[in-house]
There are 2 protein chains.
Amino acid sequence: MAPARTPPRRRGRPSQPVLSEERITSAAIKIVASRGYRHLTMTELARELKVSTSALYNHTSSKRDVLIRVQDRINQGIDRSGFGSLPWDRALERWARSYRDCYAQHTAMIPIMAVLPVADSPHTLEMYETVARGLADAGWARGDIADVIVSVESLVFGAAYDATAPADIFDPGERSDLAPVFADAVRARPTDAAAAADEAFDVALRAMLDGLRLRLAAGRD
Amino acid sequence: MAPARTPPRRRGRPSQPVLSEERITSAAIKIVASRGYRHLTMTELARELKVSTSALYNHTSSKRDVLIRVQDRINQGIDRSGFGSLPWDRALERWARSYRDCYAQHTAMIPIMAVLPVADSPHTLEMYETVARGLADAGWARGDIADVIVSVESLVFGAAYDATAPADIFDPGERSDLAPVFADAVRARPTDAAAAADEAFDVALRAMLDGLRLRLAAGRD
DNA sequence: ACCTGAACACCGTTCAAGT
DNA sequence: ACCTGAACACCGTTCAAGT
């Protein structure tokens, strides 16, 4: 191992800041990945970085600020590779599936992502640009593009929650006599929660894409 | 009416409990309606009911428990009147619009509602039964009914968030050069946030309903 | 400029003590 | 059985004091 080069510190004074926006965001991602959002507190973030909690506020204005940067990093992982290589509807489907799988692991971010201005999130903005360009190139009208994006996103956020729902979410329990038709419909679902959620998302996404194909065809006539 | 049998109170003892599940739920609804979810804390709930905070725990096991009952009451207000009187697709549309409008005012409840087992929420269960019966009567297959319900619900929850998003949510700010196609698409939206959200929800719901009509027709052949 | 430690104003929940 | 008051283990955030 290389000998630690003598740091240019004047006694007691650190040569450079130990913290940065970048390091805080990375530590936050690490905590979320390893221990979940329940453990993402300013206190645990500080402990992870081996500083005092108040030190974080020299580099970030609030916990919300940290979450916004976490979210922009998460969005980097969403697959938009279909746009430019596949037909628009297949690209949109790939994007939607990846988006939903991503937020199924980050449901705690949905309330933030869903209402957060995009201006401060460069990777998120880049994602929207890729999708918008793919739709525009496929012939979608200027006035429809944002609506299509919001449509898919709305479905995706709701489906992400559903993907994390417990297996018994629709189990009527002892009241199945009060809801016989519904109880019977629920019995027809896969018993595995993930499989049931996947099936429902397939139905929803297929329906929406079919509907959007109709809309594009009608607008073109 | 039977005369109230003389209460066995020994001086200073209240004749009957001042609290009840019912009263707590009503107070919670009142706080939410008048001051919003930010103010729905156990402390404010106790203040509203003029008791100490710890007294609440004689009647409810947790704050989550309170929220579950609040949610079941909220769901009573969702319009399912179309089922049994309108064609299934128009009934489903009415239900979806009412559902979305309702949760746009209660976004704080979405993370709970989306993953909460229905067994302890009688009015919610009744809602699902009404929708399920409407779909079954319209010829939907047993195995599709839950998927259709989940599809609409997923869209509704995401759209409810979108309905509360700020007007500048998609404004690229100073980076519009990095996202020219998207920025142009966003410029085509109504400037009013509510109008923009309504338009997007119209597109999404129409697409999904068109897709579901196709699915039902295909399954029937 | 950047960090620490103490303090502030909250949370939800528990529990011994009263009646 | 039901309520109170005090306590507990947390939150996010601020700020004077240090270097």
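Labels below follow one simple rule: chain letters A, B, ... track the order of the sequence lines, proteins then strands, and each chain is numbered from 1.
- Side-chain contact annotation: B/Thr25 with B/Glu21, donor-acceptor N/O pair under 3.5 Å absent.
- Nucleic acid contact for B/Ser54: base, since at least one base atom lies under 4.0 Å from a heavy atom of the residue.
- What separates CG of A/Leu67 from P of D/dG12 is a distance of 10 Å, to the nearest Å.
- Of the listed nucleotides (D/dT13, C/dC3, C/dT14), D/dT13 has the atom at the smallest distance from the side chain of A/Thr53.
- Looking only at distances, no side-chain donor or acceptor of B/Ser121 sits under 3.5 Å from a matching main-chain atom of B/Thr124.
- As a whole-Å value, the separation of A/Glu44 CD from D/dG12 C1' is 14 Å.
- Around the CZ atom of A/Arg206, the shell of radius 6.0 Å holds no more than 12 heavy atoms that belong to other residues, nucleotides or ligands.
- Within the 4.0 angstrom heavy-atom criterion, base atoms lie near B/Ser52.
- Summarising the geometry, the separation between NZ on A/Lys63 and C1' on D/dC10 is reported as 12 Å, rounded to the nearest angstrom.
- The interatomic distance linking B/Asn58 (CG) with D/dA1 (P) rounds to 11 Å, in whole Å.
- Checked by atom type, the side-chain pair B/Thr60/B/Arg69 shows a donor-acceptor distance below 3.5 Å.
- The interatomic distance linking A/Leu19 (CG) with C/dC2 (C1') rounds to 9 Å, in whole Å.
- Atom CD of B/Glu21 is separated from atom C1' of D/dC2 by 15 Å (rounded to the nearest Å).
- The side chain of A/Ala55 sits closest to C/dC3 out of D/dT4, D/dT13, C/dC3.
- A donor-acceptor contact under 3.5 angstrom links the side chains of A/Asn75 and A/Tyr103, judged on distance only.
- Whole-Å rounding puts the B/Arg23 CZ to D/dC3 C1' distance at 14 Å.
- Side-chain contact annotation: B/His123 with B/Asp72, donor-acceptor N/O pair under 3.5 Å present.
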Q | Structure string for DNA chain D in dot-bracket form, Watson-Crick and G-U at under 3.5 Å, | interchain | A | ||.|||||...|||||.||
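- Between A/His59 and C/dA1 there is no side-chain N or O to OP1 or OP2 distance below 4.0 Å.
- Using a 4.0 Å heavy-atom cutoff across all strands shown, A/Ser62 reaches sugar-phosphate atoms only and no base atom.
- With a 6.0 Å radius and a threshold of 12 heavy atoms from other residues, nucleotides or ligands, B/Arg94 has its CZ atom above the threshold.
- Here the C1' atom of nucleotide C/dG12 and the NE2 atom of B/His39 are 17 Å apart, to the nearest Å.
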